[in-house]
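Everything on this sheet refers to the single structure shown next.
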Amino acid sequence: MTASQLHPSEQGLGTHQQLGLPPCSSRIMFGIRCPACGMTTSWAHFTQGHWWQSVQVNVGGFLLAIVACLVVVVSAVCFINPNLDLMRYQKPAGIAAVGITLITLLDWLFRLKQ
């Protein structure tokens with residue numbers, strides 16, 4: 001809900017500063033973006049239906065936004081059916097988390113080369 005109220009930065013990062021947060025420490029201290037640079041901008045695009053822009057800004061942010069939507073759906077299902085066995089989803093959730101982390105790191109390395 002918060003991301004939907006933000007205006008995605010045209011630079012592709014820095015949208016988090018609209019929340020009163022400081023600029024990225026990695027950019028200030030080392031002059032390079034961090035793996036999370038662009039995540040808030042990606043989420044802002046995602047929540048406004050600009051999915052391609054979300055992917056272009058930060059692939060990991062786009063994937064995490066999808067997972068967040070799935071968590072909302074699963075939470076609603078659990079509310080309706082409290083006896084649902086969620087433990088059977090533990091391994092796929094772990095694989096998804098590792099996959100998103102790897103994709104985020106690969107996306108970051110690719111952007112560093114540009």
Side-chain angles (χ1 to χ4, degrees):
M1 291 175 62
T2 300
S4 69
Q5 302 303 308
L6 300 175
H7 302 286
S9 168
E10 291 182 20
Q11 293 82 21
L13 41 98
T15 303
H16 67 281
Q17 291 179 270
Q18 294 173 36
L19 299 169
L21 298 170
C24 176
S25 299
S26 178
R27 289 181 54 108
I28 291 171
M29 294 182 349
F30 307 114
I32 61 169
R33 57 186 292 144
C34 73
C37 276
M39 286 271 185
T40 308
T41 305
S42 181
W43 276 60
H45 278 301
F46 183 90
T47 60
Q48 295 170 17
H50 307 143
W51 295 345
W52 180 240
Q53 290 93 329
S54 176
V55 169
Q56 288 178 315
V57 170
N58 189 305
V59 178
F62 174 77
L63 295 173
L64 285 175
I66 291 173
V67 168
C69 291
L70 291 173
V71 167
V72 169
V73 171
V74 169
S75 297
V77 170
C78 288
F79 181 76
I80 294 167
N81 182 7
N83 297 323
L84 185 66
D85 179 23
L86 289 178
M87 291 308 290
R88 66 181 179 185
Y89 300 107
Q90 185 176 10
K91 185 174 182 180
I95 292 169
V98 169
I100 291 172
T101 301
L102 290 174
I103 289 169
T104 300
L105 292 173
L106 288 172
D107 181 53
W108 173 61
L109 291 172
F110 177 76
R111 291 176 192 278
L112 285 178
K113 299 277 184 193
Q114 293 180 338

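Reckoned from all heavy atoms, side chains included, excluding hydrogens, waters and symmetry mates. Everything quoted here is computed from the prediction, not taken from an experiment.
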### Donor-acceptor under 3.5 Å (S42 side chain, N58 main chain)
yes
### Message
I need the Q56 CD to Q53 CD distance, nearest 0.5 Å.
### Response
6.5 Å
#### Entry: Considering all heavy atoms, the nearest R33-L112 contact
O-CD2, 4.0 Å
### Task
Hey, could you give me the SG/CE distance between C24 and M39, rounded to the nearest 0.5 Å?
11.5 Å
### Task
Give the minimum heavy-atom separation between W43 and A68, together with the two atoms involved.
CH2-CB, 3.6 Å
### Summary
Of all heavy-atom pairs linking L6 and Q48, the shortest is O-NE2, 2.7 Å
### Message
Count I, L, V, M, F, W, Y as connected when their side-chain heavy atoms are under 4.5 Å apart, and connections chain through other members. Are M29 and I32 then in the same cluster?
### Response
yes
### Task
Could you pull out the closest heavy-atom pair between T41 and T15, with the gap in Å?
OG1-OG1, 2.5 Å
### Query
Can W108 be reached from I103 by stepping across I, L, V, M, F, W or Y side chains whose heavy atoms are under 4.5 Å apart?
no
### Message
Tell me whether the rings of W51 and F46 are parallel (<30°), tilted (30 to 60°) or perpendicular (>60°).
### Response
parallel
### Message
So which atom in H16 and which in T40 form the shortest heavy-atom distance, rounded to 0.1 Å?
### Response
CB-OG1, 3.6 Å
#### Entry: Shortest non-hydrogen contact from P35 toward T104
O-CG2, 3.6 Å
### Query
Same cluster for L86 and V77 if Ile/Leu/Val/Met/Phe/Trp/Tyr side chains link at under 4.5 Å?
yes
### Cluster check L64, V71: I/L/V/M/F/W/Y, side chain < 4.5 angstrom
yes
### Task
May I ask you to decide if H45's main-chain N or O and S54's side chain share a donor-acceptor pair within less than 3.5 Å?
no
## Note on the structure
The residue among L63, I95, L105, V59 that forms side-chain contact (heavy atoms from CB on, under 4.5 Å) with I100 is L63
### Query
Would V55 end up clustered with L70 when hydrophobic side chains under 4.5 Å apart are linked, directly or stepwise?
yes
